[in-house]
2 protein chains.
Amino acid sequence: MATIKDVAKLAGVAISTVSYALNDSTRISQATKDKVLEAAKQLNYRKNGFASDLKRTKTNTIALILSDLAGPFYSELTKGVQEVSMTNGYDLIACSSQGGPQSTAVKFLKEKRVDAAIILAHNISDDIILQSARKGFPIILLDRQLENDFVVQVEVDNYQGGYDATEHLIQHDHKEIAFISGPQNAHDSEMRFNGFKAALRDHDLIHHTKWLMQGDFTREGGYRATKILIAQGNLPSGVFYANDEMAVGGLQAFRENKINVPGDVSIIGFDDIQLAEFTTPPLTTIKQPKYEAGALAMHLILQQLSGQIVNSYYKLSTELIVRKSVK
Amino acid sequence: MATIKDVAKLAGVAISTVSYALNDSTRISQATKDKVLEAAKQLNYRKNGFASDLKRTKTNTIALILSDLAGPFYSELTKGVQEVSMTNGYDLIACSSQGGPQSTAVKFLKEKRVDAAIILAHNISDDIILQSARKGFPIILLDRQLENDFVVQVEVDNYQGGYDATEHLIQHDHKEIAFISGPQNAHDSEMRFNGFKAALRDHDLIHHTKWLMQGDFTREGGYRATKILIAQGNLPSGVFYANDEMAVGGLQAFRENKINVPGDVSIIGFDDIQLAEFTTPPLTTIKQPKYEAGALAMHLILQQLSGQIVNSYYKLSTELIVRKSVK
DNA sequence: CTGTTAGCGCCTTCAG
DNA sequence: CTGAAGGCGCTAACAG
């Protein structure tokens with residue numbers, strides 16, 4: 001691999017001249033530039049990104065940390081992040097936190113490999129984040145609350161969303177409503193549950209614990225929880241799934257038991273994933289402003305990187321998407 | 001930001017001792033290690049990843065280059081890549097080639113920022129790849145053919161897949177079959193088309209140019225192409241969409257025109273995306289072994305990185321998934 | 001077991 | 001306009 005030194009030698013100039021020429025400084029004559037460029041091409045010279053980052057002590061790249069690169073859920077969010085970073089000339093890399101403390105994500109967070117990070121990865125512990133938070137290294141948290149001077153949170157209003165979903169069910173005359181939760185400790189699931197309970201309370205309805213099922217945000221989890229619900233006999237008239245994936249699983253469970261949705265039971269989800277409009281029946285759900293969340297996160301990073309102070313908490317609102325799964 | 005130097009000073013040892021201690025070398029006594037670790041913690045020391053990469057001249061990370069990080073298509077493939085890289089202790093980052101020559105992907109490819117790359121990004125030109133290909137930098141190409149000593153190709157058998165799809169239609173008594181292609185120059189679309197033509201020929205059927213529509217691999221593209229097909233009057237009895245996304249768009253177009261699938265027209269797609277089993281009717285399609293492709297790509301990289309020679313071309317076979325869109 | 005030292009490849013003052 | 005030189009933070013001989 002040719003280095004800047006080789007180019008200098010071939011072009012017959014000093015190393016610094018090559019550096020200036022390559023970075024298109026005005027202090028170099030066109031003739032010299034041409035000579036240098038020619039030599040560089042001839043040697044198939046590629047600059048070493050690290051060496052230059054090391055010198056400039058900044059990388060111009062932002063990390064988007066996801067719990068699983070293969071997860072289909074993030075595409076809208078990623079788009080928001082991607083577009084803003086691109087138009088501002090920042091590089092973006094995505095990495096996964098699969099593998100816990102050994103994961104690529106943690107490595108990038110801890111070692112000084114990027115200028116900032118956006119985190120949407122429940123499998124990274126608060127601890128790690130706290131350890132990595134430091135002056136001059138903006139971290140945006142999309143999926144949890146965490147008090148620290150150097151992290152800012154962008155949250156979807158899960159509480160209100162949960163409230164709205166539940167109220168929608170109530171307004172359609174459902175009085176007995178089950179809730180299928182996400183995994184334990186999932187902050188967003190909990191907030192949705194709180195909204196659920198509040199809506200029930202405000203309408204003088206009570207919540208039976210037998211209609212609270214633990215899921216895990218996966219399709220299988222929703223399927224399983226629903227099967228249990230069915231096995232219990234005495235179905236509720238409405239079910240609020242803490243996310244759409246689980247609702248899709250639930251739909252399948254109901255279908256297998258010849259229970260008609262929304263004829264026999266109404267269901268509502270959360271997220272508005274792409275699939276939601278294709279299920280049978282199409283899923284009524286709460287839409288998260290994912291693109292906006294991504295774009296906002298990226299904007300906040302840019303502001304911080306340019307030295308501005310930003311608030312430490314932002315809340316985005318949800319929207320009810322009415323389709324056909326509630327009667 | 002504290003450096004190794006600061007740690008050394010605080011711990012009262014030499015710089016190299018700190019380095020050894022931090023990398024857990026056996027040559028350092030436990031007592032010294034403890035002292036160093038303590039000092040490091042106190043200063044909230046984080047090693048600078050670049051500096052160390054620069055020194056070792058390797059990064060231990062692989063880039064997965066996608067044309068769009070927000071694309072939903074890659075999840076299976078990514079999973080394959082991710083799992084293999086993780087179990088082998090390599091870091092994986094994904095980056096997008098959106099933005100062409102200025103994109104993050106191109107930067108990573110050209111500058112020496114990763115040890116190897118897997119490319120599935122039609123919007124990166126052959127040129128760039130050729131320029132980046134060099135000894136000691138394995139590149140795996142998933143989406144095109146390109147002759148070079150330093151790149152290896154992993155391809156799905158698009159020809160055979162196209163052949164199988166078409167033959168399936170023919171075996172169900174369809175004689176007039178339309179083909180909706182991908183974007184111009186898309187290598188995979190072209191191969192599928194070749195398979196299509198071959199199947200027709202082998203069954204003594206002829207292919208009318210009026211039943212060849214140009215799409216672009218997007219849902220909208222499929223929708224538009226189908227609308228045109230319908231507007232032409234005189235529908236074919238079968239349509240082969242070069243990918244599932246377009247088939248989903250086509251389904252919508254047919255529905256809007258009250259044309260029943262598969263009653264009035266049979267359709268088949270390619271890819272077997274997640275959505276395919278949820279459409280109405282569920283889509284018959286050709287499944288690509290995406291997970292396998294990803295895992296294979298990663299394995300090939302590992303082999304090359306450890307100095308082994310691998311073949312320069314691998315072909316993976318497809319599978320017909322029969323659902324309900326062909327009668 | 002620990003310290004000294006010479007770079008990795010690049011950028012950037014500071015003199016010519 | 002060009003060249004010499006110092007150093008970014010870290011690793012790995014090599015000496016003690």
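Numbered from 1 within each chain, the chains take letters A, B, ... in sequence-line order.
- Put simply, CG on A:Leu54 is 10 Å from C1' on C:dC11, counting in whole angstrom units.
- Distance check: A:Leu43 CG to A:Asp6 CG gives 6.0 Å after rounding to the nearest 0.5 Å.
- Rounded to whole angstrom, the span from the CZ atom of A:Arg46 across to the P atom of C:dC10 amounts to 12 Å.
- The NZ-C1' distance, from B:Lys58 to D:dC10, rounds to 16 Å in whole Å.
- The only option from A:Leu37, A:Val18, A:Val13 that meets the side chain to side chain contact (heavy atoms under 4.5 Å, CB included) definition with A:Thr32 turns out to be A:Val13.
- When the C1' atom of D:dG7 is taken as reference, atom CG of B:Asn48 falls 14 Å away, rounded to whole Å.
- Remark: B:Gln308 CD is packed, more than 12 non-hydrogen atoms of other residues, nucleotides or ligands lying under 6.0 Å away.
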- Between protein and nucleotides 11-16 of chain D, map the contacts as a letter string: B base, S sugar-phosphate only, - none, heavy atoms under 4.0 Å, written 5' to 3'. BBBBB-

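- Rounded to a whole Å, the NZ atom of A:Lys5 is 13 Å from the P atom of D:dA5.
- Within 4.0 Å of B:Ser25, counting heavy atoms only, lies no atom of the nucleic acid at all.
- Distance CZ/A:Phe50 to OG1/B:Thr57: 10.5 Å, rounded to 0.5 Å.
- Rounded to an integer number of Å, the gap from B:Lys33 NZ to C:dT2 P is 10 Å.
- Of the candidates C:dT2, C:dG3, C:dC10, C:dT2 carries the atom nearest the B:Ser29 side chain, counting heavy atoms from C-beta on.
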- Please test B:Asp216 against B:Thr218 for side chain to side chain donor-acceptor pair (under 3.5 Å), starting from the C-alpha separation and ending with a verdict. CA-CA 5 Å; B:Asp216 58 359; B:Thr218 70; 2.9 Å; yes

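- Between B:Asp53 atom CG and D:dC8 atom P the separation is 19 Å, expressed in whole Å.
- Figure legend: cation-pi geometry between B:Arg134 and B:Phe150 absent, as NZ or CZ is not positioned both under 6.0 Å from the six-membered ring centre and within 45° of its axis.
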